[in-house]
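Position 1 is the first residue of the sequence, and the numbers go up from there. None of the values given here were measured: they were computed from a predicted structure.
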Amino acid sequence: MSFGIKPLGDRVVIKRLEAEQKTQSGIILTGQAKEQPQAAKVMAVGPGTSDEKMELKVGDTVVFSKYAGTEIKYDGEEYTIMSQRDILATIEK
């Protein structure tokens, strides 16, 4: 699946999952109070390199390092491009 961004080497394009709107006790959070989620959906993957095989695939849900990657806007949407080594784990459903 290609949506217009094709990452190179061991890079992946992710889209962050939505931040929680309420706390567990029911308090509604304002935009500034919401913590950016560290979970995302993989939108595109590069081919990997001779040193690092690509282990992720489009559609995977992942957890990534807090300050990793470069945020970009494409077609009105926000994405992050990062190296596969900044992905900490996949989430299995």
Side-chain angles (χ1 to χ4, degrees):
M1 178 187 133
S2 176
F3 70 101
I5 301 173
K6 182 168 176 35
L8 304 175
D10 70 340
R11 291 181 184 83
V12 297
V13 178
I14 61 170
K15 183 167 178 61
R16 289 179 189 254
L17 299 177
E18 292 297 315
E20 290 293 320
Q21 302 293 325
K22 285 197 273 185
T23 64
Q24 287 182 340
S25 60
I27 297 171
I28 297 175
L29 299 172
T30 64
Q32 293 176 340
K34 292 181 213 171
E35 187 172 324
Q36 283 284 357
Q38 284 179 250
K41 182 176 178 184
V42 176
M43 304 302 290
V45 298
T49 65
S50 58
D51 295 332
E52 189 167 350
K53 177 184 154 214
M54 183 53 65
E55 297 180 48
L56 300 168
K57 63 186 181 307
V58 173
D60 282 349
T61 302
V62 297
V63 177
F64 58 92
S65 296
K66 191 168 192 163
Y67 300 107
T70 301
E71 294 181 359
I72 63 165
K73 268 196 171 184
Y74 178 77
D75 242 5
E77 297 284 331
E78 292 187 17
Y79 300 98
T80 304
I81 299 175
M82 67 178 53
S83 174
Q84 177 179 240
R85 68 184 86 84
D86 291 324
I87 305 290
L88 305 174
T90 58
I91 298 172
E92 296 179 3
K93 295 183 180 187

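- For the atom pair K6 NZ and R11 CZ, the distance stands at 13.0 Å (nearest 0.5 Å).
- Hydrophobic clustering (side-chain heavy atoms under 4.5 Å, transitive across Ile, Leu, Val, Met, Phe, Trp, Tyr) groups V13 together with Y74.
- The two residues P7 and P47 come nearest to each other via the heavy atoms O-CD, 3.9 Å.
- Residues satisfying the side chain to side chain donor-acceptor pair (under 3.5 Å) test with K57, not counting sequence neighbours, are D60.
- Between the CD1 atom in I81 and the CD1 atom in I72 there is a gap of 4.0 Å [rounded to 0.5 Å].
- Here the closest non-hydrogen pair linking A44 and V58 is CA-CG2, 3.9 Å.
- Tested against T90 for a side-chain contact (heavy atoms from CB on, under 4.5 Å), the candidates T61, L56, V63 yield a single pass: L56.
- Legend: residues meeting side chain to side chain contact (heavy atoms under 4.5 Å, CB included) with E77, ordered by chain and number and at least two apart, are K15, Y79.
- Taken to the nearest 0.5 Å, the CD atom of Q38 stands 7.5 Å off from the CG atom of L88.
- Every residue meeting the side chain to side chain contact (heavy atoms under 4.5 Å, CB included) condition with T80, not counting sequence neighbours, appears here in chain and number order: I14, R16, E71, M82.
- Hydrophobic clustering places M43 together with I5 (ILVMFWY residues linked when any side-chain heavy atoms are closer than 4.5 Å, directly or through intermediates).
- Judged as a side chain to side chain contact (heavy atoms under 4.5 Å, CB included), and not counting sequence neighbours, the contacts of E52 are D10, T49, Q84, R85.
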